[in-house]
There are 2 protein chains.
Amino acid sequence: MTATSAEIREVLSVGPLEITPDEHLARADGRALTLSIRELHMLTELARRADRIVSREELFELVWARAMRPGDRSVDVYVRKLRVKLGSVMPEWAFIHTHFGFGYRLAPQRKQPVA
Amino acid sequence: MTATSAEIREVLSVGPLEITPDEHLARADGRALTLSIRELHMLTELARRADRIVSREELFELVWARAMRPGDRSVDVYVRKLRVKLGSVMPEWAFIHTHFGFGYRLAPQRKQPVA
DNA sequence: CAGCGCGTTACCGAGGCGTGAAAGCCCTGT
DNA sequence: ACAGGGCTTTCACGCCTCGGTAACGCGCTG
């Protein structure tokens with residue numbers, strides 16, 4: 001399950017996304033994304049739970065490894081940062097979906113027919 | 001019956017619908033629906049009684065966890081909201097059927113041959 | 001045809017969420 | 001040690017969604 005040192009590399013494939021956490025690298029449609037540590041970590045945790053709803057609290061604890069203080073908006077901010085970077089590379093796709101009152105869900109899907 | 005922590009997840013399958021209450025998620029034909037908490041709750045309770053008629057009062061008490069005041073139209077409104085969202089994803093199907101004077105019944109069925 | 005049940009839309013208050021930017025922190029190279 | 005820049009965190013503003021209610025009109029029932 002978890003990668004052992006540098007031997008077994010975990011590779012997450014979610015639609016046009018390919019994430020290799022052990023290499024601190026994420027690709028969208030083959031092109032490497034420039035993500036910070038936090039951004040990559042959050043994207044990784046979302047990818048591990050692709051197509052499932054992850055609550056703010058759970059997502060925060062996964063990425064920050066501590067309990068989320070009430071009112072903390074860090075998750076929102078980083079979700080946006082990911083949306084911006086993903087959107088700049090693949091504008092026709094929506095990746096992170098908001099589920100009002102519940103949390104977020106990673107699921108690549110086209111916004112509109114490619115015209 | 002109830003799910004134990006994150007182990008046993010209740011999954012309701014009704015025709016092309018698949019509802020996972022513990023994940024706050026409902027899928028139609030595989031595609032995730034964007035439902036609010038009330039909408040999801042109502043759909044869940046209807047799914048648990050699929051193909052059976054559920055009275056307004058019973059449905060209200062299941063979802064709102066209190067007695068329905070006479071004249072309350074909340075159930076109607078939310079039935080419509082579900083119909084709209086379900087219809088936008090699967091227009092060729094009818095899901096929630098009205099039983100005049102009795103209540104509602106969830107039963108997926110095609111409206112017309114798929115042409 | 002008379003009455004009531006139901007479909008549908010509109011409206012409002014409350015709160016969640018998107019967004020931009022400031023401020024603080026850490027890490028780097030010099 | 002110092003200066004610079006990127007990353008992280010926090011804050012504030014405003015929009016949007018949701019829940020709940022009311023109102024109107026059609027359709028069904030008897």
Side-chain angles (χ1 to χ4, degrees), chain A residues 24-26 32-46 53-88 91 93-107 111, chain B residues 24-26 32-46 53-88 91 94-106 111:
Chain A
H24 310 295
L25 187 58
L33 298 171
T34 304
L35 301 180
S36 70
I37 296 293
R38 287 259 191 254
E39 292 163 357
L40 181 77
H41 196 171
M42 174 173 283
L43 182 60
T44 299
E45 297 300 341
L46 282 173
I53 299 176
V54 186
S55 71
R56 287 182 144 51
E57 291 76 11
E58 185 181 351
L59 192 51
F60 187 94
E61 292 175 12
L62 285 167
V63 177
W64 277 263
R66 56 186 172 84
M68 189 181 92
R69 300 178 316 176
D72 195 313
R73 303 293 305 281
S74 299
V75 170
D76 301 55
V77 173
Y78 273 86
V79 164
R80 165 162 171 74
K81 289 182 178 183
L82 284 177
R83 280 173 171 163
V84 169
K85 292 194 176 181
L86 289 170
S88 68
W93 289 69
F95 291 93
I96 304 177
H97 307 272
T98 303
H99 285 253
F100 201 94
F102 294 120
Y104 298 98
R105 178 176 55 93
L106 178 65
K111 291 180 181 175
Chain B
H24 313 295
L25 189 57
L33 298 172
T34 303
L35 301 180
S36 71
I37 183 170
R38 286 269 190 248
E39 293 163 357
L40 181 76
H41 196 170
M42 174 174 283
L43 182 60
T44 299
E45 297 301 341
L46 282 172
I53 299 177
V54 186
S55 71
R56 286 181 145 48
E57 291 76 11
E58 185 182 352
L59 192 50
F60 187 94
E61 292 174 11
L62 285 167
V63 176
W64 278 262
R66 56 185 172 85
M68 189 181 91
R69 299 179 316 178
D72 194 314
R73 304 295 306 284
S74 300
V75 170
D76 301 54
V77 174
Y78 275 86
V79 164
R80 163 158 173 78
K81 289 181 179 180
L82 283 177
R83 280 172 172 163
V84 168
K85 291 195 176 181
L86 289 171
S88 68
F95 291 93
I96 303 176
H97 307 274
T98 302
H99 285 254
F100 203 93
F102 295 109
Y104 298 97
R105 179 176 55 93
L106 178 65
K111 292 178 181 176

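Per chain, numbering begins at 1; letters A, B, ... match sequence-line order. Heavy atoms only: backbone and side chains are in, while hydrogens, waters and symmetry mates are out.
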Asks: So, OP1 or OP2 of dG16(C): does either fall under 4.0 Å of a side-chain N or O from R73(A)?
Replies: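 So the side chain of R73(A) is outside the cut-off, no N or O lying under 4.0 Å from OP1 or OP2 of dG16(C).
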Asks: Applying side chain to side chain donor-acceptor pair (under 3.5 Å), name anything that partners D76(B), two or more places apart in sequence or on another chain.
Replies: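 Here the qualifying residues are R56(B), R73(B).
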Asks: Please say which of L33(B), V63(B), L35(B) ends up in a side-chain contact (heavy atoms from CB on, under 4.5 Å) with L40(B).
Replies: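 For L40(B), the side-chain contact (heavy atoms from CB on, under 4.5 Å) test succeeds with only one of L33(B), V63(B), L35(B), which is L35(B).
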Asks: Whole angstrom is fine here: how far is it from CZ in F102(A) over to C1' in dG16(C)?
Replies: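 The distance from CZ of F102(A) to C1' of dG16(C) comes to 13 Å, rounded to the nearest Å.
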Asks: Once you round it to whole Å, what is the distance between P of dT8(D) and CG of L35(A)?
Replies: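 It works out to 10 Å between those atoms.
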Asks: Can you check whether Y78(B) has a side-chain N or O nearer than 4.0 Å to OP1 or OP2 of dG7(C)?
Replies: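 For dG7(C), neither OP1 nor OP2 has a side-chain N or O of Y78(B) closer than 4.0 Å.
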Asks: CZ of F60(A) versus C1' of dT8(D): gap in Å, rounded?
Replies: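 My rounded result for the distance is 11 Å.
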Asks: Would you say W64(A) reaches dT8(D)'s phosphate, i.e. side-chain N/O to OP1/OP2 under 4.0 Å?
Replies: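 No, because none of the side-chain N or O atoms of W64(A) sits under 4.0 Å from OP1 or OP2 of dT8(D).
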Asks: Roughly how many Å is it from NE2 in H41(A) to C1' in dC7(D), rounded to a whole number?
Replies: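 After rounding, the reported distance stands at 16 Å.
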Asks: How is R83(A) classified with respect to the nucleic acid when contacts are heavy atoms under 4.0 Å: base, sugar-phosphate, or nothing?
Replies: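 Touches sugar-phosphate only.
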Asks: From C-beta outward on D72(A), which listed nucleotide comes closest to its side chain: dT10(D), dT8(C), dG19(D)?
Replies: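 Side chain of D72(A) sits closest to dT10(D).
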Asks: What is the distance, rounded to the nearest whole Å, between atom CG of L33(A) and atom P of dC7(D)?
Replies: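 Taking CG of L33(A) and P of dC7(D), I get 14 Å after rounding.
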Asks: Between dT21(D) and S74(B), is there an OP1 or OP2 to side-chain N/O distance shorter than 4.0 Å?
Replies: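 Indeed, a polar side-chain atom of S74(B) lies that close.
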Asks: Does I37(B), at its CD1 atom, have more than 12 non-hydrogen atoms belonging to other residues, nucleotides or ligands within less than 6.0 Å?
Replies: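 Not buried by this count: 12 neighbours or fewer within 6.0 Å.
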Asks: Rounded to the nearest angstrom, tell me the gap between atom CG in L59(B) and atom C1' in dC6(C).
Replies: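 Those two atoms, CG and C1', are 15 Å apart.
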Asks: Under 4.0 Å between a side-chain N or O of R80(B) and OP1 or OP2 of dT8(C)?
Replies: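 Result: yes.
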Asks: Please list, chain by chain and in numerical order, all residues satisfying side-chain contact (heavy atoms from CB on, under 4.5 Å) with E57(A), sequence neighbours excluded.
Replies: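 Only S55(A), M68(A) meet the side-chain contact (heavy atoms from CB on, under 4.5 Å) criterion with E57(A).
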Asks: Going through the checks in order, is the side chain to side chain contact (heavy atoms under 4.5 Å, CB included) test met by T98(B) and R83(B)?
Replies: CA-CA 11 Å; T98(B) 302; R83(B) 280 172 172 163; 2.7 Å; yes
Asks: Given that F100(B) and K85(B) both sit by DNA chain D, which one's nearest nucleotide is further toward the 5' end?
Replies: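 Nearest-nucleotide comparison on DNA chain D picks K85(B).
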Asks: Of the nucleotides dG7(C), dT9(D), dG19(D), which has the atom closest to the R56(B) side chain?
Replies: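 Selected nucleotide (nearest to the side chain): dG7(C).
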Asks: Using atom CZ of R38(B) as one end and atom C1' of dA14(C) as the other, report the distance to the nearest whole Å.
Replies: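 Spelled out: CZ on R38(B) to C1' on dA14(C) is 14 Å.
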Asks: Please state whether the phosphate of dG19(D), meaning OP1 or OP2, lies under 4.0 angstrom from any side-chain nitrogen or oxygen of S36(B).
Replies: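 So the side chain of S36(B) is within the cut-off, an N or O lying under 4.0 Å from OP1 or OP2 of dG19(D).
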Asks: Categorize V77(A) for me: base, sugar-phosphate, or nothing, with a 4.0 angstrom heavy-atom threshold over every strand shown.
Replies: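 The answer is base, as V77(A) lies within the cut-off (heavy atoms under 4.0 Å) of a base atom.
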Asks: Looking at the side chain of D76(A), which of dG7(C), dC17(C), dG19(D) is the nearest nucleotide?
Replies: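 Selected nucleotide: dC17(C).
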Asks: In whole angstrom, what separates L82(B)'s CG from dG19(D)'s C1'?
Replies: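 Atom CG in L82(B) sits about 14 Å away from atom C1' in dG19(D).
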